[in-house]
Amino acid sequence: MMILGTAFGMVFYLLQVVSGESGYAQNGDFDDAELDDYPFSCYSQLEVDGSQHLLTCTFDDPDVNSTNLEFEICGALLDVKCLTFNKMQEMYFIRTKKFLLIGDSEICVKLKGKKITCRKMNVVKIVKPEAPFDIRVIYREGANDFLVTFNTSHLQKKYVKELLHEVAYHQEKHENDWMHVNLSSTKLALLQRKLQPDAMYEIKVRSIPNHDYFEGFWSEWSPSFHFRTPEITGGKMDPILLTISILSFFSVSLMVILACALWKKRIKPIVWPSLPDHKKTLEQLCKKPKKNLNVSFNPESFLDCQIHKVDGIQARDEAEGFLQDTSLPQPDESEKQRLVGGVQSPTWPSEHAVITPKTFRGDSPLGCLAGNVSMCEALVLPSSRPPDFRDGGKNGPHVYQGLLLVPGTTNGPGPTPFPFQSGILTLNPAAQGQPILTSLGSSQEEAYVTMSSFYQNQ
Amino acid sequence: MFHVSFRYIFGIPPLILVLLPVASSDCDIEGKDGREYQHILMISINYLLDTMIKNRTNCPNNEPNVFKKHACDDNKEAVFLYRAAHKLKHFVKVNNSEEFNLHLSRVSQGMLQLLNCTPKEDSKSLKEQRKQKSLCFLGILLQKIKTCWNKILRGSKEH
C-alpha cells in the first residue's frame with residue numbers, strides 16, 4: 001500500500017511537470033519580451049488558384065535576418081496538424097487546399113526547429129481579395145455622365161463573393177486631390193458636371209471583404225485608366241434639331257407674310273364678312289347690254305342725257321295744262337320744237353320718246369349715255385299712222401291713255417324692246433307706224449320700281 | 001484498516017472523475033448563429049450532394065435503421081451531429097477524388113470543431129458504421145445533417 005500511494009504521488013507530480021506552459025525555452029535564452037522582436041503579419045487569399053488557397057506572411061521589420069527562420073501553421077487544417085511555409089526572398093507563403101476555414105490557427109516563427117514567436121490567427125479574418133482589373137470609362141453623351149465598369153475574379157468564387165469596392169479618381173495635374181467613391185457593385189456613373197471639362201483624369205479601384213464571416217484587408221489597386229473629359233460646347237446642337245428649327249422658322253414666316261398679303265382680299269371677307277352694298281350688288285347683277293352699254297346709277301353719267309322728271313301719273317287735264325305751258329326743260333327745247341313741227345307735218349319721223357316715272361326723279365335715273373341705247377329709251381311715237389294719234393284729237397304733245405309723253409332725244413338706231421314690270425314704256429321703232437307700247441306692270445300703281453324687283457328679275 | 005482507507009481515498013475519486021464524462025452526454029454547439037454552417041459547411045455539403053447525384057440512382061427508398069435510432073430529436077441535435085460527423089470520417093477513401101475527400105473532411109472536422117462534446121462510442125454503433133459505407137447512405141446522412149442544422153438555426157432565430 002505504501003508503494004501504491006507513492007506511485008500515485010509521483011504520477012501526479014509528473015503530470016504537473018509535463019503539462020507545463022507551452023513555449024517554454026529550454027535553454028532560457030529567450031524571454032517573453034523577445035517574442036516581439038520578430039513581429040510579422042500575414043494575409044490569406046482564398047481560391048486564388050482554383051480551389052487552392054494562399055497564405056502569405058512577412059516580417060514587419062525588413063531588416064530582420066531571416067536566414068534560419070521558418071514559419072509554421074498548426075490547427076484548423078484538414079487531415080494534418082501542421083504545415084510549413086515556403087520561403088521566397090523575404091516572403092513566406094503556403095499554397096494549399098487544406099485550410100478548414102473554421103476556427104483559429106497558430107502561426108509560429110521557428111528558428112532551427114524551435115518556436116520563437118507565435119500568433120493565433122483565423123484564416124478567414126485576414127482575407128486580402130485579389131485586385132480588380134479591366135477598369136473602363138465610357139462617356140454617355142445622352143446622360144451627360146461617365147460609366148465606370150470593372151471586373152473582379154471574386155464573382156466566380158464560392159467563399160468570398162461579397163466585396164466592397166473603392167473607386168478613386170483625380171485630375172492628372174492635381175496629384176494628391178483624389179476623390180473616393182465606395183460601392184458594392186461593379187458599375188459606377190460619374191456625372192459630367194462634377195468633372196472639369198477638357199481635362200485628363202486617372203481612375204483606379206480596389207476591394208475589401210464586405211461579409212459578416214470573412215474579414216480582411218484592402219486589395220492592391222487595379223491598373224489605372226486614363227480618360228479625357230469633353231469640352232463644353234454650349235452652342236452645339238443636334239443637326240436634326242437645328243434643321244427642324246430652321247424649317248419651322250421659315251414656315252412660320254411664310255405663313256405670316258401670306259396672312260398679311262391675303263388679309264384684305266381673302267381672309268377678312270371670310271372672317272369678317274361685309275354687308276352687301278345695294279349699289280354694287282345691282283351693278284354686278286345687271287346684265288350688260290350687248291352693245292357696249294355701261295350700266296351705272298351714278299348721276300354724273302347722265303349729264304349728257306335729257307332727263308325729264310315725271311312728277312307722277314297725272315290726269316289728262318293737268319297734262320294738257322302742262323303741255324300748254326311753254327316752260328319746258330332746255331335740253332328738250334329743240335326736241336319739242338321738232339316734235340311740234342313733226343306733228344304738224346303729215347309725216348311723222350320715228351323718234352323715241354322717254355318717259356321717266358316720278359320715282360326716278362333725283363334717284364338713280366336710267367342712264368342714257370350719248371349714242372347708247374339704254375333702258376331709258378323712250379316710247380316711239382307713231383309716225384306712220386298719224387290718224388291714231390289724231391284719234392286722240394289733240395295737237396301738240398301727245399297723250400296716251402292719260403299719260404304724258406315727253407319726247408326725248410335719241411338719234412341712234414332703233415332700240416330693242418326692253419320689258420319692265422312697271423314704270424317705263426318703250427316703243428319699238430322697227431315696226432314703224434305701229435306704236436309698240438309695253439304696259440307698266442299690271443296697273444298704273446306699279447310705276448314705282450324698287451331695287452328688290454330688279455334683283456328679283458335677275 | 002489503514003489499507004482499506006487508502007484504497008477508498010486514492011482509488012475511488014479518480015474513478016469517479018474518469019466515469020463522469022461517460023455518464024453525461026451533453027454537447028454544446030458553438031456555431032449556433034449559423035455563420036460557419038452557411039458560409040463553409042453548406043458549400044461543402046452541396047458540393048458532395050451534387051457530385052453524388054449521378055451515382056445515387058439506384059438507392060432504396062427505405063431509411064436505414066440507424067437513423068431511426070439516432071435522430072435529430074429535440075435537445076439531441078448536437079449529439080446527432082456529433083455522431084454524423086464521426087460517421088463521415090469513414091467515407092474518406094483513397095479511391096475518391098481529392099476534392100471529394102477534402103470536402104468530406106471539412107464537413108466532418110468542421111462540425112467537430114463546432115461541437116464541444118465527447119460522447120462514448122459504443123461498440124454497436126461502430127459496427128453499424130463500418131457496415132454502412134455506400135454512397136446511398138452517405139447521401140442520406142448528408143441530407144439529415146442539413147436538416148438538423150436548419151432545425152438548429154430555426155430554433156436559435158426563434159429564441
Side-chain angles (χ1 to χ4, degrees), chain A residues 1-16 44 46-47 49-53 74-83 95-106 120 122-125 127 129 154 156-163 209-216, chain B residues 1-15 17-18 29-48 50-51 81 85 88-94 96-116 149:
Chain A
M1 289 302 163
M2 290 288 289
I3 297 168
L4 190 60
T6 308
F8 270 118
M10 287 177 69
V11 166
F12 285 131
Y13 176 75
L14 284 171
L15 280 173
Q16 187 179 357
S44 64
L46 305 182
E47 298 175 277
D49 184 12
S51 57
Q52 278 205 332
H53 314 302
C74 298
L77 297 173
L78 295 173
D79 303 328
V80 292
K81 279 193 175 180
C82 299
L83 290 170
R95 192 185 292 265
T96 181
K97 296 180 184 179
K98 296 192 175 182
F99 289 136
L100 178 58
L101 304 178
I102 296 175
D104 294 336
S105 303
E106 195 175 44
K120 195 174 275 186
N122 192 335
V123 173
V124 301
K125 303 296 181 186
V127 176
H154 287 264
Q156 287 82 33
K157 296 186 190 296
K158 294 195 294 286
Y159 297 112
V160 186
K161 286 187 284 190
E162 295 171 16
L163 300 173
N210 186 25
H211 210 277
D212 58 344
Y213 186 69
F214 295 99
E215 298 172 8
Chain B
M1 188 68 179
F2 179 73
H3 301 107
V4 173
S5 61
F6 191 81
R7 186 184 300 166
Y8 285 109
I9 291 169
F10 291 100
I12 294 174
L15 195 64
L17 287 172
V18 170
I29 302 175
E30 291 181 3
K32 276 189 178 179
D33 55 0
R35 292 190 305 170
E36 288 85 354
Y37 168 73
Q38 286 176 351
H39 301 301
I40 307 297
L41 298 178
M42 194 169 71
I43 293 169
S44 295
I45 292 171
N46 289 335
Y47 171 86
L48 293 168
D50 292 340
T51 306
L81 289 176
L88 284 175
K89 281 186 184 177
H90 300 284
F91 288 95
V92 178
K93 297 175 190 175
V94 178
N96 290 335
S97 66
E98 184 188 6
E99 199 76 20
F100 192 89
N101 285 335
L102 282 172
H103 283 286
L104 263 179
S105 299
R106 183 171 285 116
V107 176
S108 174
Q109 286 184 242
M111 286 204 297
L112 290 172
Q113 181 92 4
L114 296 172
L115 297 168
N116 191 13
W149 269 109

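All figures in this text were calculated on a predicted structure; none of them were measured in a lab. Sequence lines set the chain letters: A, B, ... in the order given, protein chains first and strands last, and positions in each chain run from 1.
- With respect to chain B, the highest number of heavy-atom pairs below 4.5 Å among D79(A), L100(A), L101(A) belongs to L100(A).
- The 12-atom threshold is exceeded at NZ of K157(A), counting heavy atoms of other residues, nucleotides or ligands nearer than 6.0 Å.
- Contact annotation for L77(A): only backbone heavy atoms (N, CA, C, O) come within less than 4.5 Å of a heavy atom of chain B.
- E98(B) touches chain A through its side chain: at least one heavy atom from C-beta onward sits under 4.5 Å away, while N, CA, C and O do not.
- At a 4.5 Å heavy-atom cutoff, the contact between I43(B) and chain A is made by side-chain atoms alone.
- Note that NZ of K158(A) and CD1 of I40(B) are 10.5 Å apart. Values are rounded to the nearest 0.5 Å.
- Under a 3.5 Å cut-off, the side chain of R35(B) and the backbone N or O of D212(A) do form a donor-acceptor pair.
- Ring geometry for Y213(A) versus H39(B): interplanar angle under 30°, hence parallel rather than tilted (30 to 60°).
- The backbone N or O of F99(A) sits less than 3.5 Å from a side-chain atom of R106(B), completing a donor-acceptor pair.
- For Q113(B), the part lying under 4.5 angstrom from a heavy atom of chain A is the side chain only.
- Residue contact with chain A, scored on non-hydrogen atoms closer than 4.5 Å, is absent for S108(B).
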